[in-house]
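Below is one structure, written out as structure tokens; comments come after it.
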Amino acid sequence: MPQTPQPARYDFLNDTTSRRINYRIARLGRKYALSSQDRDDIRQEFYLALIRAADNYDPQQCLPERFVRMVLNRNYKHFVRKLARVNENRTRSVATVSLETSGPHALKSLIDHRNEEDRRRRELAEDVRAAIGRLPDDLRSLCHDLMTLSPLQVASKRGVHHSLIYRDMARLRAHFKKRGIFGVF
């Protein structure tokens with residue numbers, strides 16, 4: 001009995017797969033400004049992921065194109081999450097100041113800057129308290145509820161439709177905006 005030829009184990013590693021990998025790397029490179037070395041590393045990771053997944057690949061269950069697409073999409077999402085975390089950590093990093101190189105004035109300017117921020121926060125808190133104090137009773141109680149509950153929870157607590165809460169939130173925004181306070185609700 002003649003045997004049917006079995007597909008080679010890594011038949012899916014072809015030009016189409018390379019184009020798909022290059023497309024995803026180009027997207028990552030544009031989005032996260034990757035160096036050529038980083039792009040090469042990610043390309044190798046994509047190929048390794050395909051080779052590792054090939055151990056569990058059954059051509060009877062899934063077409064090779066679909067298999068490649070699924071593995072590449074899963075790894076693309078992995079790299080997006082990983083690179084997003086790296087970028088987030090870069091933006092969160094705080095510049096450090098060496099007191100030996102910058103002298104005693106650097107410490108004074110850091111303290112003054114922190115004091116200025118604290119003063120602004122206190123002033124904003126006083127402005128918000130004063131604006132809340134000028135609210136009608138119904139909006140003041142809504143404002144206090146919204147500090148701890150979501151609009152839907154407030155609506156169910158009060159037994160009203162959530163659109164009424166959103167309408168009142170618009171009134172609150174207008175009240176705060178009139179007093180120069182933005183981004184409260």
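One is the number of the first residue; the rest follow in order along the sequence. Just the heavy atoms: all of them, side chains too, but no hydrogens, waters or symmetry mates, feed the values below.
Residue pairs that meet the salt bridge (Lys or Arg N to Asp or Glu O under 4.0 Å) test with at least one member in residues 29-46, sequence neighbours left out, are D40-R43.
Put simply, the side chain of H175 does not reach to within 4.5 Å of the side chain of L139, judged on heavy atoms. Proximity of L172 to L135: side-chain heavy atoms (C-beta onward) are separated by under 4.5 Å at one or more points. Between I42 and I21 the shortest side-chain heavy-atom distance does not fall below 4.5 Å. Residues Y47 and S18 are in side-chain contact: their nearest non-hydrogen atoms beyond the backbone lie under 4.5 Å apart.
M169 and L149 fall within a single hydrophobic cluster, where Ile, Leu, Val, Met, Phe, Trp and Tyr are joined by side-chain heavy atoms under 4.5 Å apart, directly or via other members. Note on L124: it clusters hydrophobically with F176, by side-chain heavy-atom contacts below 4.5 Å among ILVMFWY residues. In the hydrophobic clustering of this structure, Y57 does not group with L63; members are Ile, Leu, Val, Met, Phe, Trp, Tyr whose side-chain heavy atoms approach within less than 4.5 Å, directly or through other members.
Note that the CD1 atom of I51 and the CD atom of Q44 stand 10.5 Å from one another [nearest 0.5 Å]. We find the CG-CZ distance between L34 and F79 to be 10.0 Å, quoted to the nearest 0.5 Å. Taking CG from D138 and SG from C143, the interatomic distance works out to 11.5 Å, rounded to the nearest 0.5 Å. Between the CG atom of L72 and the NZ atom of K77 there is a distance of 12.0 Å, given to the nearest 0.5 Å. One finds the CD1 atom of I165 at 11.5 Å from the CD atom of Q153 (value rounded to the nearest 0.5 Å). Atom CG of N56 sits about 12.5 Å away from atom SG of C62, to the nearest 0.5 Å.
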Can you give the donor-acceptor pairs under 3.5 Å from side chains of residues 64-71 to other protein atoms, not counting sequence neighbours?
none

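Residue R19 forms a side-chain contact (heavy atoms from CB on, under 4.5 Å) with just one option from T16, T17, N22, and that option is T16.
Looking only at distances, no side-chain donor or acceptor of R27 sits under 3.5 Å from a matching main-chain atom of Y23. In this structure, the side chain of R171 does not engage the main chain of R167 through any donor-acceptor pair within 3.5 Å.
Heavy atoms of other residues, nucleotides or ligands lying less than 6.0 angstrom from OH of Y166 number more than 12.
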Exercise for the section: Please test R122 against E126 for salt bridge (charged side-chain N to carboxylate O under 4.0 Å, His left out), starting from the C-alpha separation and ending with a verdict. Expected result: CA-CA 6 Å; R122 283 192 305 272; E126 289 170 12; 5.8 Å; no
